[in-house]
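Just so we're clear, the structure is a prediction, and the values are computed from it rather than from any experiment. Every chain is numbered from 1, with letters handed out A, B, ... down the list of sequences. We use all heavy atoms of the structure for the numbers below, so side chains are in, but hydrogens, waters and symmetry mates are not.
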Number of protein chains: 2
Amino acid sequence: MIMALDPGNILKAHDLKHTRQRVRVLEEISHGQSAVSQPELEKKLGKEIDRVTLYRILNAYEEKGIVHKIMDANGTANYAICSSACTAHNHHDEHVHFNCTNCNKIFCLELTIPEIKMPEGFKAKTVSFTAYGLCNKCNKEK
Amino acid sequence: MIMALDPGNILKAHDLKHTRQRVRVLEEISHGQSAVSQPELEKKLGKEIDRVTLYRILNAYEEKGIVHKIMDANGTANYAICSSACTAHNHHDEHVHFNCTNCNKIFCLELTIPEIKMPEGFKAKTVSFTAYGLCNKCNKEK
DNA sequence: TTCATAAATGCAATTTAGTTGCAAATATAC
DNA sequence: GTATATTTGCAACTAAATTGCATTTATGAA
């Protein structure tokens, strides 16, 4: 069943009004193979969308479970489209991320994070696993 | 062999001059059981050390492998003393971190991160594993 | 102990990230 | 087409982080 990424559907499904700005943000986030950083988005969309609006849209998307937010090694926010399994209240983002230390891009890998038993008293609700190194492209170029 | 944390030794061993400011930062980072956030450090040391100097000291420590930097869920930097196995060029920080979503503290757990096979072309140099949830203290209080 | 020098610090100014309040614009449902 | 609640853009603000430069300080040699 292929029915990927119709912005209109995604927005309607999450009770968000269909606006030019929201569609543009969805497009930018979804059209690559890696996550997009907040600065990249701002640079790309800064002329068409106000900075503040961008922040608000990204927050709304994250709360609704439309995108997930990944912090890179510098503390910069990156955004990627969630798999269809994500919903606002059951946000399954438990796959491995790869953060390239050269181009700084973040990739969502199709690998599940292994379970780890926490020490007495500590209760893990979610986990994150990030590998740092060179991505396929940067590896070739060196 | 117990010979822990003599700031003088640590600094000399890494070719860093012994200054009042550097010693104070080392003290603050090492005297707790959890990592210390940049804002905490600034609050604690702001009267004795200039903000900029604090940033520079923390960066130097990280580069030398004296401390390791852990980003919490908000993109805030946290610092913890490295185990003795860390050096500037072989920075072994491959244990699991626990980030409490209530008090926001970060704990270094004595758990090794399981190995994961990367996809073709991706070469991981280091990995990070962070669990989010309630720490032992916050669990009790609820 | 004094002195020279390279390194570290503090300060001022700047850049970048993120937030808040409010008025104007606009998507949707009737 | 119109009413209304939502969204957007703007201005102003707070906080985080960086840069350049003058001053101070740690260290090693005389």
Is there side-chain contact between [X] and [Y], with at least one heavy-atom pair below 4.5 Å?
X	Y	answer
Ser34(A)	Ile106(A)	no
Asn139(B)	Phe122(A)	no
Lys17(B)	Leu11(B)	no
Glu28(B)	Leu26(B)	no
Lys69(B)	Asn78(B)	no
Arg24(B)	Glu48(B)	yes

Write down the distance between [atom1] ([X]) and [atom2] ([N]), rounded to a whole number of angstrom.
X	N	atom1	atom2	answer
Leu54(B)	dA17(D)	CG	P	10 Å
Tyr55(A)	dT8(D)	OH	C1'	16 Å
Asn78(B)	dA16(D)	CG	C1'	14 Å
Glu42(B)	dT14(D)	CD	C1'	13 Å

Could you check Asn59(A) against Glu48(B) and say which one's nearest nucleotide on DNA chain C is further toward the 5' end?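 Looking at the nearest nucleotide for each, Glu48(B) comes out on the 5' side.
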Please compare Gln38(A) and Arg56(A) by the position of their nearest nucleotide in DNA chain C and report the one closer to 5'.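 So the residue in question is Gln38(A).
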Would Phe98(B) and Tyr132(B) count as a close aromatic pair, with their ring centres under 6.0 Å?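 No - the distance between ring centres of Phe98(B) and Tyr132(B) does not fall below the 6.0 Å cut-off.
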Residues of residues 17-25 of chain A with any non-hydrogen atom less than 4.0 angstrom from an atom of DNA chain C: list those, numerically ordered, please.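 DNA chain C contact set from residues 17-25 of chain A: Lys17(A), His18(A), Thr19(A).
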To the nearest 0.5 Å, how far apart are CG in Asn136(A) and CD in Glu141(A)?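 Nearest 0.5 Å value for the CG-CD distance: 10.0 Å.
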Taking any atom closer than 4.0 angstrom to a non-hydrogen atom of chain A, what span of DNA chain C does the protein reach, first nucleotide to last?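 It runs dA17(C) to dT28(C).
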